[in-house]
Chemist: 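Got a structure for you, questions after.
In what follows, chains are A, B, ... by sequence order, proteins preceding strands, each numbered from 1.
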Protein chains: 2
Amino acid sequence: MNDGATAKVSVDEKRGKRPKSATIKDVAAEAGVSLQTVSRVINKGPNVRPAIVERVNAAIEKLGYVPSLAARRMAGKRSYLLLALNDRDRTIEGWRSGDGTDWVDQMLLGGMLECAKHGYRMIFELVDTHSSNVERELTSALGAIHPDGVILTPPHGDNPIIRHLLTEKHIPFARIGSAGPGPGFAIAMDDAAAAAAAVNHLVALGHRRIAYITGSDEYALSAARLKGYRDAMAKAGLGADDSLVARGDFTYQSGIESAQRLLALADRPTAIVASGDQMSLAALEVANSEGFSVPDDLSIVSFDNTPIVKFSAPSFTAIRQPISEMTARAAQLLINGGKTDRESGPDILPFDLIVRGSTAPPPQRA
Amino acid sequence: MNDGATAKVSVDEKRGKRPKSATIKDVAAEAGVSLQTVSRVINKGPNVRPAIVERVNAAIEKLGYVPSLAARRMAGKRSYLLLALNDRDRTIEGWRSGDGTDWVDQMLLGGMLECAKHGYRMIFELVDTHSSNVERELTSALGAIHPDGVILTPPHGDNPIIRHLLTEKHIPFARIGSAGPGPGFAIAMDDAAAAAAAVNHLVALGHRRIAYITGSDEYALSAARLKGYRDAMAKAGLGADDSLVARGDFTYQSGIESAQRLLALADRPTAIVASGDQMSLAALEVANSEGFSVPDDLSIVSFDNTPIVKFSAPSFTAIRQPISEMTARAAQLLINGGKTDRESGPDILPFDLIVRGSTAPPPQRA
DNA sequence: ATGAAAGCGCTAACAC
DNA sequence: GTGTTAGCGCTTTCAT
């Protein structure tokens with residue numbers, strides 16, 4: 001048979017097909033070897049002579065062959081897919097409102113790029129952690145995708161139903177921002193140390209009345225941060241004044257309420273550590289509207305280094321969480337060591353305290 | 001055979017399998033029908049008696065069955081996958097710097113949710129539009145995923161190599177923010193009208209010296225916006241002073257340079273329309289550092305309504321692009337009408353002009 | 001070191 | 001209306 005476009009077209013036409021991607025079969029024919037040998041080359045298997053490897057690779061190159069993910073998943077045990085799960089309501093609400101949280105972006109950054117390095121792909125899905133449908137939603141995603149591993153972001157990593165389901169199905173998973181013991185790889189930053197770092201920064205500036213706005217209890221890291229705050233306060237000899245702790249839930253609204261309560265205190269705090277960017281922004285808003293200047297009258301430290309806290313006026317001193325790094329680490333563990341969960345304690349990645357304009361020495365007291 | 005957990009476990013053990021997801025076979029057995037009937041029910045095919053449908057659905061429900069995407073793609077012509085392509089460098093750079101652009105988020109919002117409605121999934125990938133590898137990268141993604149459709153975001157929608165490759169492979173695609181003629185569904189907002197709206201808003205405030213900072217020429221929408229600006233200026237009888245048009249490329253740096261040049265003009269503009277959030281921010285920065293107050297001395301309109309332009313001080317009057325709406329529309333067209341490209345002109349979605357604190361009447365001239 | 005055969009879970013033709 | 005038969009493109013056995 002003759003070469004070139006004409007032949008190709010006629011074959012395609014004969015089969016009534018449109019120009020399709022090359023398959024492993026085409027490569028095998030082109031290289032004059034069996035399917036199996038091509039498969040071995042693709043998967044870097046042993047027992048192939050270098051000369052043949054070369055030949056096969058040339059054929060792959062020539063035909064622009066790429067293995068079909070679907071076929072590989074069908075035949076083999078691996079799907080080359082990682083599933084990243086975020087909380088549906090919170091994520092969608094964030095997108096809708098344009099609240100400037102870049103959690104998802106940072107996750108994609110770390111996760112997608114790491115996956116790409118290993119020939120994997122990351123599929124991003126939303127699952128409602130509250131609803132009684134968690135199980136159904138997760139089962140559905142797992143059934144459709146058959147991922148080789150799952151990346152759980154807060155608060156999914158602390159959700160017992162999800163952890164149980166994944167464990168039961170023997171699907172390796174990583175919990176981001178979930179440092180506690182349990183199944184799956186735990187990957188987190190040291191939330192307690194971060195809260196302490198925020199407190200210490202303020203103490204170093206001379207603050208003594210340092211308040212704290214918590215996050216939602218649903219997130220295990222909320223407790224860790226609170227403990228870090230309390231320990232740091234104690235260590236600085238600043239006692240345990242529970243009126244300085246306000247209960248928030250990461251939302252702007254809860255930040256407003258918390259800040260209002262704190263600033264109405266008889267012995268008003270000179271600084272607030274808020275465990276989330278929306279709550280920090282809310283605290284700034286309350287401070288401004290009540291006539292307090294930030295940072296002159298009140299210092300604020302944010303626990304999320306999101307774009308908006310950098311561009312607000314003043315810009316915020318903030319904890320930078322290593323979100324992309326944690327996600328990348330999760331992907332890496334899942335892809336390489338994905339077989340066995342290790343209960344050997346969490347993987348702790350470093351955070352940063354980035355000092356900007358929202359913190360300053362406290363005002364002189366009368 | 002007896003029911004319950006014991007039986008299930010023993011079967012699993014006999015086969016040496018871990019508890020797997022149910023397959024269509026299991027459902028068929030459970031419902032006492034053939035595979036094909038189950039398949040018909042799943043795909044809402046005709047020719048199944050309601051009673052049987054009921055029975056099959058009950059079995060599906062009971063077993064928690066979910067069809068495997070991979071298997072469906074293998075056997076059928078559809079993969080139930082849409083591929084969304086973003087520009088690699090720009091996207092990663094945005095994520096790394098935390099520049100607060102939420103393009104990707106808005107895309108996910110519109111695209112994922114629309115896909116979910118139809119039982120589809122959206123896979124998000126990065127492709128370098130510049131590199132000579134575009135073709136290789138795209139081929140690779142298409143070969144691995146075999147999407148039923150591709151969503152192109154700027155500037156990919158205007159990239160001839162990508163358009164050609166997709167056309168050649170007969171893969172339906174949608175071009176977001178690419179209104180020009182050509183293959184694929186064109187979905188855009190009226191960029192010219194948006195630029196005109198910005199100008200008109202400023203004219204209504206009393207401005208006459210209105211400058212414009214363009215975006216990169218690589219984006220077809222840049223030309224459309226510039227035309228909109230020019231036409232609106234002409235219509236307002238504000239002539240054609242080309243010194244009022246500065247060439248930017250969407251980057252902060254280009255915004256700095258453009259704004260510096262514009263503000264150094266002998267006959268200084270009293271307002272600037274910048275076709276991107278980073279350039280708007282840059283203009284604000286330049287204005288501030290040169291002692292001009294925004295909006296008292298200079299009004300600025302941003303062309304991206306990103307989180308950071310809302311939280312800056314002052315917050316920006318901005319064009320809101322219907323990113324999530326465009327992406328949702330793209331997904332919808334690809335899923336439903338995905339077979340045929342229509343050359344019947346672009347699908348134009350409405351934008352908004354959101355007035356905030358960065359625009360005000362011009363200062364009184366001496 | 002290589003090839004041949006079986007089959008993954010499903011859909012697309014066909015039969016009935 | 002429903003069941004049967006072939007594959008889809010690969011990876012797994014298992015032969016050789």
Chemist: Distance criterion of 3.5 Å, no angle test: do you see the side chain of A:Arg78 paired donor-to-acceptor with the base of D:dT11?
Modeler: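 Counting by modelled atom types and ignoring angles, no donor-acceptor contact under 3.5 Å is found here.
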Chemist: What is the separation between atom CG on A:Asp26 and atom P on D:dG9, rounded to the nearest whole Å?
Modeler: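 In whole Å, D:dG9 P lies 8 Å from A:Asp26 CG.
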Chemist: Taking only the side-chain heavy atoms of A:Met74 (C-beta and beyond), determine which of D:dG3, C:dC8, D:dC10 contains the nearest atom.
Modeler: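 Shortest atom-to-atom distance from the side chain points to C:dC8.
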Chemist: Using only heavy-atom distances, determine whether the side chains of B:His156 and B:Thr129 contain a donor-acceptor pair under 3.5 Å.
Modeler: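 Yes, B:Thr129 and B:His156 have a side-chain donor paired with an acceptor closer than 3.5 Å.
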Chemist: Which whole-number value in Å describes the distance from A:Leu35 CG to D:dT12 C1'?
Modeler: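 Taking atom C1' of D:dT12 as the reference, CG of A:Leu35 is at 13 Å.
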Chemist: Do A:Arg72 and A:Asn43 meet the criterion of a side-chain donor-acceptor pair at a distance under 3.5 Å?
Modeler: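 Yes, A:Asn43 and A:Arg72 have a side-chain donor paired with an acceptor closer than 3.5 Å.
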Chemist: Can B:Thr37 and B:Ser34 be counted as having a side-chain donor-acceptor contact under 3.5 angstrom?
Modeler: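 There is such a pair between these side chains.
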Chemist: Output the rounded distance in Å from CD1 (B:Ile24) to C1' (D:dG3).
Modeler: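 Whole-Å distance recorded here is 13 Å.
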Chemist: Using the side-chain heavy atoms of A:Asn47, tell me which of these nucleotides is nearest: C:dT2, D:dT13, C:dA13.
Modeler: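 Looking only at side-chain atoms, A:Asn47 lies closest to C:dT2.
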Chemist: Is A:Glu137 paired with A:Arg88 through a side-chain N to carboxylate O contact shorter than 4.0 Å?
Modeler: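 Here A:Arg88 pairs with A:Glu137 in a salt bridge, since their nearest N and O are under 4.0 Å apart.
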Chemist: Identify whether any heavy atom of A:Pro46 sits under 4.0 Å from a base atom; if not, whether one sits that close to sugar-phosphate; answer base, sugar-phosphate or nothing.
Modeler: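 Nothing, no nucleic acid heavy atom in range.
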Chemist: OP1 or OP2 of C:dA1 sitting under 4.0 Å from any side-chain N/O of A:Arg49?
Modeler: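 Answer no for this pair, as no side-chain N or O of A:Arg49 is under 4.0 Å from OP1 or OP2.
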Chemist: Does B:Ser34 have a side-chain nitrogen or oxygen under 4.0 Å from the phosphate oxygens OP1 or OP2 of D:dT4?
Modeler: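 For D:dT4, neither OP1 nor OP2 has a side-chain N or O of B:Ser34 closer than 4.0 Å.
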Chemist: Whole angstrom is fine here: how far is it from CZ in A:Arg55 over to C1' in C:dA1?
Modeler: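 After rounding, the reported distance stands at 13 Å.
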Chemist: To the side chain of A:Arg73, which of C:dT11, C:dG3, C:dG9 is closest?
Modeler: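 When the side chain of A:Arg73 is considered, C:dG9 is the closest of C:dT11, C:dG3, C:dG9.
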Chemist: Within this structure, what is the CG-OH distance for the pair B:Asp148 and B:Tyr80, rounded to the nearest 0.5 Å?
Modeler: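 The OH atom of B:Tyr80 is 8.0 Å from CG of B:Asp148, to the nearest 0.5 Å.
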Chemist: DNA chain D: B:Thr37 or A:Thr23, which has the more 5' nearest nucleotide?
Modeler: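 The residue whose closest nucleotide sits nearer the 5' end is B:Thr37.
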Chemist: Compare the minimum distances between each of C:dA12, D:dC8, D:dT11 and the side chain of B:Lys77, then state the nucleotide with the smallest one.
Modeler: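 Of C:dA12, D:dC8, D:dT11, C:dA12 is nearest to the side chain of B:Lys77.
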Chemist: Counting side-chain heavy atoms from CB outward, which of D:dT2, C:dT11, D:dT12 is closest to A:Gln36?
Modeler: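 When the side chain of A:Gln36 is considered, D:dT12 is the closest of D:dT2, C:dT11, D:dT12.
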Chemist: Taking atom P of D:dG9 as reference, at what distance in whole Å does atom CD1 of A:Ile42 sit?
Modeler: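 The answer, rounded to whole Å, is 13 Å.
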Chemist: Taking only side-chain nitrogens and oxygens of A:Tyr80, does any of them come within less than 4.0 Å of OP1 or OP2 of D:dT11?
Modeler: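 No.
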Chemist: Determine: side-chain N/O of A:Ser68 to OP1/OP2 of D:dC8, distance under 4.0 Å, yes or no.
Modeler: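 So the side chain of A:Ser68 is outside the cut-off, no N or O lying under 4.0 Å from OP1 or OP2 of D:dC8.
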Chemist: Please compare A:Ala71 and B:Arg40 by the position of their nearest nucleotide in DNA chain D and report the one closer to 5'.
Modeler: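 The answer here is B:Arg40.
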Chemist: What integer distance in Å separates A:Arg72:CZ from C:dG9:C1'?
Modeler: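 About 18 Å, once rounded to whole Å.
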Chemist: Using whole Å, report how far CG of B:Leu69 lies from P of C:dT11.
Modeler: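 To the nearest whole Å, that distance equals 11 Å.
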